[in-house]
Amino acid sequence: MADFIQTGPELRNQYTDDRLLRSWLRRRLPAEVFAKIEPGLQRLGERAVTDMLAMERDAETNEPVHVPYDPWGRRIDDIVTAPGWKELERVAAEEGIVAHGYLREDGAWSRVHQMARLYLYHPSSAIFSCPLAMTDGAARAIELYGDEELKAKAYRHLISTDPDEFWTSGQWMTEKTGGSDVGRSETVAKPDGKGGYLLYGTKWFTSATTSNMAMTLARIEGAPEGSRGLSLFYLELRDDEGRLKNIFVRRLKDKLGTRALPTAELELQGTPARLVGGEGHGVRKIASLFNITRIYNAVCALGYIRRGIALARDYAGKREAFGKQLSNQPLHVEMLADLQVEFEAAFQLVFRMTELLGKDETGTGSDDEGAVLRLLTPIAKLYTAKQAIAVVSEVLESFGGAGYVEDTGIPKLLRDAQTLSIWEGTTNVLSLDTLRAIEKENAFVPFMKDLGARLASVTHPELAGSVQRVREAAERIQAWLPKAAAEGRDFVESGARMFAYGLARTYMGALMLEHAQYSAEHEHDRRSLVAAKRWCARDLAPLVAPDDTHRHESRALALDEQLIVE
Ligand code: MFK
């Protein structure tokens, strides 16, 4: 026994190994679209466990380095990244991870196709998915707000499948004054006298500083305070000689995770920039970008969940303890089954959202579907991020001590997943965005209608009890909102997180039931049915009623304020 060597987990083709992905695509896509895109997904599923893994290892081992000066003392602010990181960029271009969303060769299904690719690409990408998210968001913002010149200049590069032509974009929103409260941004834009602007300020978290261009916010001199006084700008980082255009890199951030991704503090000292979409309302305009990156966030969260389960499942068949493989240990099997239920719930929510995004962008969706998409975006982002962290944490534990040891590659999953609930808006910011979508875009009624329509389509007798539970949760959600509104803003905001969770879980339940019925009837497979029943047996809408007393008591607990016994 002294010679015992444990076999580690192995990954199979991540497309063919993914029953739910294949089943969902078969169910939702027109047969000819499915037949057309499947070979590409199959190929990428293989790359994700072969050449991409080697690139990822290289990118993670050789973290980016900031070189401020050249040997002769000239300021260069070079950021050196690993060959693997650069190769992952080329793979992204070749595989059209951004492009398939914009070439729209699959009509309204183009986003589903593209996001399925992202879902396969992301877990082996050393989080190159982050620059891609911002690139995709920038393409969308330029599509909506850019003039013809900007489209000709930048857009075609962002959506190119030629690695030599492909550009990535940064999205510089965060300043020292506020990661969440973007309206406090201090960067100033001064007219350059030639129709353009020069930007002055500090950008505090700029991921993917090696990109070709960036979209950012600045306040034109004399413009009002707050987010409406900000304007949206486009800039290119380097001149024809490759020198940064009055951009100085203060330092790279030393982050918990996403270590292959160069994230920098930047000083803009007269950086030439071009106004996009006219003056003012910068946050509203850049929302077109961050709504895309939030969708990426959810797709990537799902990717991590799936990767974690693939590793834990394979290992369960290899690791023996107490005379039995883990896959024959009843409690271990229960834990893996719970993870699969989380995965199936997250999957349904995320892919439903990609379907609505594709419809919205090709003008084939209804106004109601557009409103549902607006509400699903923050809900899916916030809920799947929490799921990814919880699932991946459980996956680490399922490896015992090995899951805590860096060179297994497993701890990285948890460190990277932790960012999903922070960047692109924290859980609280997104819970409040859920309210914004309801209050400003009237998204609640179409959302509840859509949920009802999904439920109405489920007629499988074995699912009747689950349908009833989802219906009851939906009724409680429906009743909560007007009551909360009548109680006042503090009540609504205090309850917003649980409300958002309730919307997510209830809608997930309805979507799971729909898929369960399809899979049972058309594939003679009960697995999604069991997952749906288990999901719906939970408390789907854990709403709270934070009245004056509740909030007073919360303050006492949260801030350790006095709470006297009367
Ligand atoms: C793995 C892949 C993941 C991708 C990684 C990408 C890495 C990128 C790194 C980063 O950039 S991280 C930084 C991310 N930062 C954020 O996400 C900001 C979080 N804060 C918020 O979202 C705040 O809620 C917000 C800045 C929007 C608050 O701003 P305001 O100005 O105080 O809010 P207000 O007044 O409600 O909204 C201003 C306008 O924007 C309104 O429109 P109008 O001018 O027409 O009234 C809003 O309706 C609109 N708006 C706000 N959020 C919107 C939106 N419109 C559409 N969708 C939204 N989500």
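Computation of the quantities below employed the complete heavy-atom set of this structure, encompassing side-chain atoms and omitting hydrogens, waters and symmetry-equivalent molecules. Start at 1 and go down the list; that is how both ligands and their atoms are numbered.
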Could you find the nearest protein heavy atom to [atom] and give me its residue, atom name and distance?
atom	result
atom 28 (C) of ligand 1	Arg436 NH2, 3.6 Å
atom 55 (N) of ligand 1	Ala287 CB, 3.6 Å
atom 8 (C) of ligand 1	Glu424 OE2, 2.8 Å

### Task
Run down the list Pro378, Ala133, Ser180, Ser129 and name the one with the heavy atom closest to atom 25 (C) of ligand 1.
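Checking each option, the heavy atom nearest atom 25 (C) of ligand 1 is found in Ser180.
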Is it the case that ligand 1 has an N or O less than 3.5 angstrom from some N or O of [X]?
X	result
Arg228	yes
Thr293	no
Arg284	yes
Thr174	no

### Task
Using protein heavy atoms only, decide if any is under 4.0 Å from atom 32 (O) of ligand 1.
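So atom 32 (O) of ligand 1 lacks protein heavy-atom neighbours under 4.0 Å.
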#### Entry: Asp433 and ligand 1 - part of the residue with a heavy-atom distance under 4.0 Å
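Near ligand 1, Asp433 shows its side chain, while the N, CA, C and O stay back.
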### Query
Under a 4.0 Å heavy-atom limit, does Thr377 contact ligand 1 with its side chain, its backbone, both, or neither?
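The answer is neither; Thr377 stays 4.0 Å or more away.
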### Query
Between Arg307 and Ser124, is any side-chain donor less than 3.5 angstrom from a side-chain acceptor?
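Yes, because at least one side-chain N or O of Arg307 sits under 3.5 Å from a partner of the opposite role on Ser124.
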#### Entry: Any donor-acceptor pair under 3.5 Å from Lys381 side chain to Asn291 backbone
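Absent.
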#### Entry: Within 6.0 Å of CG in Asp181, more than 12 heavy atoms from elsewhere
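Buried by this count: over 12 neighbours within 6.0 Å.
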### Query
When the aromatic ring centroids of Phe447 and Tyr507 are compared, is their separation below 6.0 Å?
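Between Tyr507 and Phe447, which both carry aromatic rings, the centre distance is below 6.0 Å.
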